2 protein chains.
Amino acid sequence: MNQLKEALDTLKDTGVRITPQRHAILEYLINSMSHPTADDIYKALEGKFPNMSVATVYNNLRVFREVGLVKELTYGDASARFDFVTSHHYHVICEKCGKIVDFHYPGLDEVEHLASHVTGFKVENHRMEIYGTCPDCESKEVH
Amino acid sequence: MNQLKEALDTLKDTGVRITPQRHAILEYLINSMSHPTADDIYKALEGKFPNMSVATVYNNLRVFREVGLVKELTYGDASARFDFVTSHHYHVICEKCGKIVDFHYPGLDEVEHLASHVTGFKVENHRMEIYGTCPDCESKEVH
DNA sequence: AAAATTAATTATAACAATTATAATCTAAGA
DNA sequence: TCTTAGATTATAATTGTTATAATTAATTTT
């Protein structure tokens, strides 16, 4: 249940030093429930770490990604978003306001299999995003 | 069958002027069968249009996207890729060499429905990418 | 067809996200 | 404690993309 503790253990196991900055970035990622950009994280931790550099955020997000704790997502917009890895889910994205909502759904294994069969690839994983309009934006719509 | 002609008709119908540069960009997109970046296109047409600006490539890719002729794709890597819109297909991407292969498969309507039901979104469309290792890279693998 | 208007292209500058570099600081091990 | 490796900071560099202004080309109006 305690995701932060598990994550810190993962870092320890892989020999990655646990610094206050890393602790805070992980904590933020886990608690935010949003899908923040590097800059979001940087700004959110400004109060706690006035001297922290953006490079630190990027560096550590890369470290977390390499250790498998975090997934990097790129949508159409300018900057990448980062998602703490939990159970398998997809993202539903509002095309009006950019909101991202998790959509829990089992992985599409049969699609992976077929793709592998047709293309000859050794398939490892896949990602999917679903686009539409969120209820908020939908209700604001003018008719 | 003649995709270029159809595409040009679409431009005419929507009142978009057909210039030599646009013609060439479209032609390249249709014939390349790869999924080029803006820079790829720019470089490929350098011989034909020595004075063409990168801005022209970007501008026209945006125009094509707005008219529905082209899809913009963003993966993990730095630059966006552009795909001439044909029938419904997904992309299988090699994590070693970056190669992108089309994988024709009917749309996952039932997933869209469920996502809509669960999240309350008005779902419009989705995208999926499948990641793995292509046969070439797989065979080069050291055991 | 010439003039006027609109749109497209070019060249260039600006911008924003990310990465690289070098210096400083921190922490762990000998 | 001294040494060494790793992490952070500050800053510069890079890269993909967009904005701006001037020029050129194409369409419409006269």
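The structure presented is a predicted model; accordingly, all values stated were derived computationally and were not measured. Only this structure's heavy atoms are used, side chains among them; waters, hydrogens and symmetry mates stay out.
Judged by closest nucleotide on DNA chain C, B/R22 is the one of B/R22 and B/V54 placed further toward the 5' end.
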request  = Give the intermediate values and the outcome of side chain to side chain contact (heavy atoms under 4.5 Å, CB included) for residues B/H23 and B/L4.
outcome  = CA-CA 8 Å; B/H23 190 281; B/L4 179 56; 4.0 Å; yes
query = Passes salt bridge (charged side-chain N to carboxylate O under 4.0 Å, His left out), B/D9 versus B/K5? Steps please.
reply = CA-CA 6 Å; B/D9 283 349; B/K5 199 162 209 166; over 6 Å; no
request  = Take A/D102 and A/H91 through the side chain to side chain contact (heavy atoms under 4.5 Å, CB included) test and state the conclusion after the steps.
outcome  = CA-CA 5 Å; A/D102 290 341; A/H91 290 133; 3.0 Å; yes
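Side-chain contact annotation: B/D40 with B/T37, donor-acceptor N/O pair under 3.5 Å present.
Rounded to whole Å, atom C1' of C/dA8 lies 15 Å from atom CG of B/L26. Remark: P of C/dA8 and NE2 of B/H23 are 17 Å apart, rounded to the nearest angstrom. When the C1' atom of C/dT18 is taken as reference, atom CZ of A/R81 falls 16 Å away, rounded to whole Å. Going from atom CG of B/L45 over to atom C1' of C/dT9 covers 14 Å, rounded to whole Å.
In summary, contact between chain A and DNA chain D, defined as any nucleotide atom under 4.0 Å from a heavy atom of the protein, begins and ends at D/dG6 to D/dA10 in the 5' to 3' direction.
Side-chain N/O atoms of B/T19 include one lying less than 4.0 angstrom from OP1 or OP2 on C/dT9.
The side-chain contact (heavy atoms from CB on, under 4.5 Å) with B/F64 is formed by just one residue from the set B/V16, B/L26, B/N59; it is B/L26. Results of the side chain to side chain donor-acceptor pair (under 3.5 Å) test with B/N60 over B/Q21, B/R65, B/R22 single out B/R22 as the only residue that passes.
Surrounding NZ of B/K71 are at most 12 heavy atoms belonging to other residues, nucleotides or ligands under 6.0 Å away. Annotation for A/H89: atom NE2 counts as buried by contact number, over 12 foreign heavy atoms lying within 6.0 Å. For A/K122, the NZ atom sits in a loose shell: 12 or fewer heavy atoms of surrounding residues, nucleotides or ligands are nearer than 6.0 Å.
Backbone-only engagement by B/S79 is indicated by non-hydrogen atom pairs under 4.0 Å involving sugar-phosphate atoms exclusively.
For an aromatic pair to be called close, the ring centres must be under 6.0 Å apart, and A/H117 with B/F103 fails this.
Taking CZ from B/F84 and OH from B/Y28, the interatomic distance works out to 15.0 Å, rounded to the nearest 0.5 Å.
Here the side chain of B/V16 is nearest to one of C/dT10, C/dA8, C/dT18, namely C/dA8.
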ask   = Could you write nucleotides 23-30 of chain C as a row of B, S and -, 5' to 3', where a protein heavy atom under 4.0 Å of any base atom gives B, of only sugar-phosphate atoms gives S, and otherwise -?
value = ----S---
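Within residues 58-71 of chain A, the residues approached by DNA chain C to less than 4.0 Å at the level of any non-hydrogen atom are A/Y58, in residue-number order.
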